[in-house]
Each structure stands twice: as structure tokens, then as C-alpha cells.
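Keep in mind it's a predicted model, so treat the numbers as computed, not measured.
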Amino acid sequence: MACINMVSIASTMQTQKLHSTTEKDSQPERISTYKPNIWKYDHLLSLTNQYSEAKYKIEAEKLKEEVGCMFSNTTSPVAQLQLIDGIDKLGLSAYFEVDTKETLENIILYMKTSSTSKDLYATALCFRLLREHGYHASQDMLKDLFDGKGKLPLDMKTSLELFEGSHLSIDGENLLNDIRLFSTKNLKNLSLDVDRLTSNPLAWRVRWYDVRKHIITAQNCNDTNPMLLKLAKLNFNIIQATHQKDLKDVIRWWRNVSIIENLEFTRERIVESFFFAVGIASEGEHGSMRKWLAKVIQLILIIDDVYDIYGTLADVQQFTVAIEKWDPEEVQRLPKSIQICFGALHDTMEDISVEIQRQKGGPSVLPHLKQVWVNFCKALLVEATWYHKGHIPTLEDYLHNGWTSSSGPLLSLHVILGLTNENLHLCKNCQEIIYYTSLIIRLCNDQGTSTVELERGDVASSIICYMHQENVSEDVAREHIESIILNSWEKTNYHFNRLSTSHRKIMKHVINEARMAHVMYLSGDGFGVQDGETQDQVLINLFRPLGRNPGHHFGRLYRPNFIVMGLGPVIFEVPI
């Protein structure tokens with residue numbers, strides 16, 4: 001009964017808030033409930049990391065040579081598959097691309113010529129790895145593991161591989177869909193934490209943010225080659241040092257912009273923005289793109305809050321005109337806070353376009369950058385108009401606009417421009433990937449923030465739209481949204497598989513945007529609430545090296561009405 005009442009409550013709240021003063025287009029002021037920033041910039045800027053020294057990269061290269069011998073010394077196909085899987089999970093794929101390619105192709109040849117009985121676990125693992133690495137692997141590979149009735153007894157290891165492999169399916173692969181349902185049921189019978197697992201399969205997770213966990217697990221199990229484990233730890237620390245250096249540059253930019261002192265309504269989330277950017281492109285060589293993305297993500301949060309919380313309908317209409325014309329004069333009659341937002345966006349995009357042109361050559365990319373911001377702001381304006389006019393759209397109308405308001409197309413263009421001079425946004429399969437990735441971002445965002453946004457009085461989310469449209473409970477609506485997310489992943493997989501190898505290397509970073517949406521919104525609003533799971537992930541992935549006590553080089557700073565939180569380095573504060 002409580003769930004059914006939610007439909008009425010949601011509809012009533014939206015109707016009351018959205019219709020109360022429709023004629024004047026003047027709604028009750030929406031109050032920002034976001035907490036202040038918790039990170040201590042002075043401490044972050046004072047960080048030192050020994051792994052930025054060149055000697056550690058030299059050591060890593062030596063270890064790479066030693067570990068490379070494992071491929072020739074491993075002869076069993078099952079052991080070879082496990083080696084590749086271990087290398088992937090430990091974050092070392094880039095070191096052994098050639099060895100991995102040769103080994104997988106040899107395994108494919110072995111499968112075609114071997115007449116020996118199949119190992120169920122090895123077949124499931126092989127299927128997943130082949131698909132992950134871009135090789136054709138028919139779902140028929142798994143026929144022998146599944147009889148369609150769910151009677152085949154499978155151990156935990158095999159069930160896990162089937163579950164993970166089933167999430168690499170494309171639209172129309174009914175066998176894989178059946179395997180996903182069956183393996184989920186089988187894992188539940190084995191008493192695993194199925195709810196957490198099924199909402200966050202491997203294919204939907206950011207690999208880099210799993211690396212530390214896999215290293216610690218391998219270390220505790222004592223079943224991983226010591227040299228491989230040593231290389232994994234060293235590589236993690238080296239890349240983490242690179243990320244810290246990049247973050248310092250972003251913090252300096254943020255301080256120079258001096259925007260937050262005048263914008264009390266918005267989210268100051270520069271560290272979380274950088275965390276999101278690292279998830280999109282964690283590799284050491286992508287430092288420039290990481291910094292561009294971090295700046296863009298923080299600006300997205302600010303502009304979103306202008307449309308959602310601060311600006312009147314007239315304000316955001318004029319702001320949108322200013323973005324279209326890219327003219328600071330167009331915001332002169334708007335509130336000072338909005339003028340500051342426009343100035344920060346205008347100047348930062350001008351600077352990024354110059355940096356991209358300097359690094360990549362070719363004509364200026366500023367026209368392209370301006371256009372994606374225009375599209376983003378127009379989509380936000382549609383949502384603001386819905387709110388001020390008291391309109392709850394159909395789910396179809398919401399998503400037609402929402403894939404753009406998700407910021408996915410905006411982020412994707414920065415990714416593409418940061419990696420290549422090619423016009424990949426003109427590629428049909430790339431367009432489809434950007435669309436479905438953006439849809440996933442939109443829906444994950446709604447899943448994590450819908451309840452709080454409803455309380456704050458924001459425009460209806462996809463969940464509220466579907467509840468209102470179909471007169472169903474919140475639980476039913478969430479299940480429907482989850483089915484759209486699953487279908488969007490199948491579409492993404494299909495179009496990704498049709499790309500050339502070179503284009504896959506670029507578009508995998510676009511798809512990481514969707515994976516980061518799962519990371520940020522799996523347990524709620526990862527941007528809005530800093531002192532939750534996001535904080536823990538930031539600490540262990542950006543600041544704490546493996547294999548040593550990281551706390552000795554951090555100072556302490558106290559401010560009135562704040563308590564210092566955290567283990568080891570004290571680099572953030574939480575309001576009492």
C-alpha cells in the first residue's frame with residue numbers, strides 16, 4: 001500500500017509545486033540542500049608522491065620483461081585464460097597487449113581443432129574474455145552449459161562467469177538473456193550478495209576502480225605470481241601519482257576561476273569531478289583530457305544548478321540565448337551569480353579549445369565545443385520550462401530530451417577531441433554509442449537522485465514520469481527504468497562490436513562515461529553527497545598508495561564547526 005501511495009504523493013507534490021503559480025511562470029524558490037565542499041585544497045596541493053620519480057617506471061619496465069615470460073611458460077589453455085583475466089583485473093592490460101592478442105588467437109585455433117570435452121568454467125571464461133577483447137564469440141559457445149530449463153548444476157565460479165558474460169550480450173541474443181536470469185538465480189542459491197552483484201556487473205564497472213580490490217584479494221589469497229603482483233602494485237602507485245599531479249593542476253585552475261565564493265547555491269565538487277574524469281580515462285598518457293573533462297564536469301554541475309535551483313525561467317531563457325550567441329554582453333542584465341557562471345564557462349572553453357588545437361593541430365574546435373554547450377543548455381531549458389509550466393512529460397518525451405541533458409554528448413565530444421582529429425561524431429556507430437551511453441547516464445542519475453530531487457521540488461525524473469504516465473508504484477517504475485538501462489547496454493555492445501579496432505580504442509572511453517554513472521549513482525547521489533561511498537572511493541583510488549603507510553606526509557587543518565574525518569591522511573572535513 002505504501003508503494004501505491006507513492007504514485008499519488010509524487011503526482012500531488014509535482015502538481016502542487018508545478019501548478020501553484022503557472023500563470024506568472026513563478027514557482028516557489030527551490031532551496032539548495034547540497035552540503036559545502038569537504039576537501040582541503042591546501043593539503044591536496046601539498047601532497048608529495050615518491051612514485052612520480054623516474055626510477056619506478058624503470059623498475060616497472062624490468063618487471064614487465066619478467067612477467068612477460070609467463071605467457072610462454074603457461075601452456076594449459078585454462079591457465080592461459082586465467083593469466084589474461086588476472087592481468088586485465090590487475091590493471092596491466094596495456095603492458096601485455098601483444099602477448100594477450102597472440103594467446104587468445106591461439107586459443108581460438110585450439111577450440112576449432114580440439115575434440116576434447118569442454119570444461120564448463122573454461123568455456124564461460126573464454127566466452128567473456130573473447131568478447132571483452134573484441135573477438136567474435138557466438139552465444140552458441142554456451143549452449144552446452146545451459147539446457148534452457150535451468151537444470152544444469154553449476155559451481156559458484158562457473159555461475160559468476162556466465163553471469164558476467166551474459167552482460168556482454170547484444171539485442172536479440174535470447175540465449176544470453178536466459179543465461180543471465182538462470183545464473184542470477186543460481187548465484188542466489190549459493191548465498192552470494194546477489195542484489196549488489198546483479199546491479200553492478202563487471203561490464204558496467206570502471207575497471208581501474210576495481211584494480212586495488214583485485215590486488216588486495218590476490219595478495220590475501222596467495223595464488224598470484226609474486227612478480228605479477230609486484231608489478232600490479234607498482235603500476236597502481238605510478239598511475240596514482242600521475243593522477244595526483246593532474247588533480248593539483250585542476251585545483252589551481254579552480255582557485256584561479258574564483259567562482260565558488262559567489263555561488264552558494266551550487267555544488268563545489270572539483271575532486272569528485274576529477275574522480276569521474278579518471279574513470280573515463282585513467283591511463284597515464286591521457287592527462288590533458290582528464291583535466292579538460294574535470295573542468296567540464298564541474299562546470300556542468302554549476303550550470304545544471306543554475307537551471308534547476310537558482311535561475312528564474314526568464315533568467316535561464318536569457319542565459320541560453322547568451323550561450324547560443326557566445327556573447328558576454330547577453331548576460332549583463334542577469335544576476336551577478338549567473339554572469340560569473342557564464343564568464344567561467346566562456347573563458348574555460350576558449351582556453352580548452354586553444355590547448356586542443358595546440359596539441360592536436362588542425363582548425364579550432366571552439367565551434368564544436370560551443371555547439372554541444374548550446375545543445376546541453378537548450379535541453380536544460382526544456383526541463384526548466386516543464387517545471388515552471390507545471391508539465392510532467394511522458395517518459396518518451398522526457399528521454400528524447402534527457403539523453404542530451406545528461407551531458408553525455410558534451411562529455412563525449414571532449415573525449416573524442418582529446419584523442420583524435422577524426423570526426424568520429426559523424427560515424428553512425430559512434431553516434432549510436434554516444435546516444436545509448438547518454439541514455440544510461442540519464443537513467444542512472446535518475447535512479448540515484450530521484451527521491452531527493454522530488455523532495456526539493458525539481459522537474460520530474462524518468463521514474464516520476466513513468467509512475468505518472470502508467471499509474472504504477474515507484475518499485476514498478478524503477479524496474480522499468482532498469483530494463484531500459486539493460487537494453488541500452490545491449491545496444492551499446494552491438495554498435496561497439498561493429499567498430500574498427502582503432503575506433504574501439506577511442507570509444508571505450510566514451511562508454512566509460514556510462515560506467516562512471518553507475519559508480520556515482522549506484523548507492524545514491526555521488527555528486528550531491530560527498531561524505532558517503534564516493535568519498536571512500538576517492539580516498540583509496542586517488543590518495544592512498546598500495547604497500548605503505550600514506551599518512552605521514554599530511555598535515556592537519558581545523559576550522560570552526562567542522563570535524564576532521566578519515567583514516568590516515570586528513571584531507572577533507574565534514575560539517576557537524
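- Distance check: Cys430 SG to Arg504 CZ gives 11.5 Å after rounding to the nearest 0.5 Å.
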Practice problem: Show your working on side chain to side chain donor-acceptor pair (under 3.5 Å) between Glu355 and Ser288 and close with a plain yes or no. | Solution: CA-CA 9 Å; Glu355 291 175 18; Ser288 293; over 6 Å; no
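- His167 and Trp489 have their aromatic ring centers separated by at least 6.0 angstrom.
- With hydrogens and angles disregarded, no donor-acceptor distance shorter than 3.5 Å links the side chain of Thr437 to the backbone of Ile434.
- Side-chain atoms of Asn235 come within 3.5 Å of backbone atoms of Gly91 as a donor-acceptor pair (strictly under, hydrogens ignored).
- Ala122 and Val78 make their closest contact through CB-CG2, 3.6 Å (heavy atoms, listed as atom of the first residue, atom of the second, distance).
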Practice problem: Please test His133 against Asp88 for side chain to side chain donor-acceptor pair (under 3.5 Å), starting from the C-alpha separation and ending with a verdict. | Solution: CA-CA 10 Å; His133 286 267; Asp88 289 348; 2.8 Å; yes
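- Here the closest non-hydrogen pair linking Ala124 and Glu161 is CB-CB, 3.6 Å.
- With Gln298 contributing its side chain and Glu268 its backbone, the two residues share no donor-acceptor pair below 3.5 Å.
- Other residues, nucleotides and ligands contribute at most 12 non-hydrogen atoms within 6.0 Å of the NZ atom of Lys230.
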Quiz item: Could you walk me through whether Asn541 and Phe236 pass the side chain to side chain contact (heavy atoms under 4.5 Å, CB included) check?
Solution: CA-CA 9 Å; Asn541 286 294; Phe236 179 89; 4.3 Å; yes
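- Closest of all the heavy-atom pairs between Cys126 and Ile107 is SG-CG2, 4.0 Å.
- More than 12 heavy-atom neighbours from other residues, nucleotides or ligands sit within 6.0 angstrom of NZ on Lys213.
- Between Leu45 and Arg255, the closest side-chain pair of non-hydrogen atoms falls below 4.5 Å.
- Under the side-chain hydrogen bond (donor to acceptor under 3.5 Å, both in side chains) criterion, Glu479 pairs with no residue at all, not counting sequence neighbours.
- Taking the ring axis of Tyr121 as reference, the NZ or CZ atom of Lys157 stays within 45° of it and closer than 6.0 Å to the ring centre.
- Note that CG of Leu247 is 11.0 Å distant from CD of Gln240, once rounded to the nearest 0.5 Å.
- Under the 4.0 Å criterion applied to side-chain N and carboxylate O atoms, Asp249 and Arg252 are assigned as salt-bridge partners.
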Quiz item: Checking side chain to side chain contact (heavy atoms under 4.5 Å, CB included) for the pair Thr100/Ser93: CA distance, chi angles, key distance, verdict?
Solution: CA-CA 8 Å; Thr100 297; Ser93 302; over 6 Å; no
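- A donor-acceptor pair under 3.5 Å links the side-chain atoms of Lys248 to the main chain of Leu47, judged by distance alone.
- Taking the side chain as every heavy atom from C-beta outward, Leu234 and Tyr51 approach each other to under 4.5 Å.
- For the atom pair Tyr209 OH and Gln537 CD, the distance stands at 8.5 Å (nearest 0.5 Å).
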Exercise. Take Leu202 and Glu132, measure what side chain to side chain contact (heavy atoms under 4.5 Å, CB included) needs, and give me the verdict at the end.
Key: CA-CA 10 Å; Leu202 187 62; Glu132 284 179 351; 3.7 Å; yes
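- Note: Trp204 and His518 meet the aromatic proximity criterion, with ring centroids under 6.0 Å apart.
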Quiz prompt | Test side chain to side chain contact (heavy atoms under 4.5 Å, CB included) applied to Tyr135 and Lys101, step by step | solution = CA-CA 10 Å; Tyr135 292 94; Lys101 182 176 183 293; 3.1 Å; yes
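- Under the 4.5 Å side-chain criterion, counting only non-hydrogen atoms from C-beta, Gln80 is not in contact with Leu83.
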Quiz item: What's the verdict on salt bridge (Lys or Arg N to Asp or Glu O under 4.0 Å) for Asp475 and Arg478, showing C-alpha distance, side-chain angles and the deciding distance?
Solution: CA-CA 5 Å; Asp475 288 342; Arg478 285 184 178 274; 5.7 Å; no
Exercise. Please test Asp446 against Ser461 for side chain to side chain donor-acceptor pair (under 3.5 Å), starting from the C-alpha separation and ending with a verdict.
Key: CA-CA 6 Å; Asp446 288 353; Ser461 69; 4.9 Å; no
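- Looking only at side-chain heavy atoms (C-beta outward), Trp39 and Ile270 stay at 4.5 Å or farther from each other.
- Aromatic ring pairs are classed by plane angle as parallel below 30°, tilted from 30° to 60° and perpendicular above 60°; the pair Tyr436 and His495 is parallel.
- By the 4.5 Å heavy-atom criterion applied to side chains, Ile300 and Leu411 are counted as neighbours.
- The backbone N or O of Ser438 sits less than 3.5 Å from a side-chain atom of Ser406, completing a donor-acceptor pair.
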Practice problem: For the pair Thr158 and Asp155, evaluate side chain to side chain donor-acceptor pair (under 3.5 Å) and give the outcome as yes or no after the intermediate values. | Solution: CA-CA 6 Å; Thr158 306; Asp155 59 22; 2.7 Å; yes
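- A donor-acceptor pair is defined here as one N or O able to donate and one able to accept, closer than 3.5 Å; no such pair exists between the side chain of Asn445 and the backbone of Ile441.
- Scanning all heavy atoms of the two residues, the minimum distance from Cys341 to Ile302 falls at SG-CG2, 3.5 Å.
- At a threshold of 4.5 Å between non-hydrogen side-chain atoms, the residues Leu104 and Leu130 count as touching.
- With hydrogens and angles ignored, the 3.5 Å screen pairs no side-chain donor or acceptor of Ser159 with any backbone N or O of Met156.
- Contact between Val415 and Met289 at its shortest, heavy atoms only, is O-SD, 3.4 Å.
- Put simply, the side chain of Arg131 gets close to the backbone of Ala137: a donor and an acceptor are under 3.5 Å apart.
- Residues Phe276 and Met516 are in side-chain contact: their nearest non-hydrogen atoms beyond the backbone lie under 4.5 Å apart.
- Going from atom NZ of Lys185 over to atom CZ of Phe163 covers 16.0 Å, rounded to the nearest 0.5 Å.
- Not one N or O on the side chain of Thr348 forms a donor-acceptor pair closer than 3.5 Å with the backbone of Leu345.
- Residues Ser169 and Glu490 come closest through the heavy atom pair OG-OE2, 3.4 Å.
- Side chain of Arg515 to main chain of Ala203: a donor-acceptor pair is present (N/O by atom type, distance under 3.5 Å, no hydrogens or angles).
- Atoms CZ and OG1, from Phe527 and Thr534 in turn, are 8.0 Å apart once rounded to the nearest 0.5 Å.
- A distance of 9.0 Å separates CG in Asn237 from OH in Tyr56, rounded to the nearest 0.5 Å.
- Within a 6.0 Å sphere centred on NZ of Lys360, other residues, nucleotides and ligands contribute more than 12 heavy atoms.
- When side chains are defined from C-beta on, Ile239 counts as touching Trp208, because their heavy atoms get closer than 4.5 Å.
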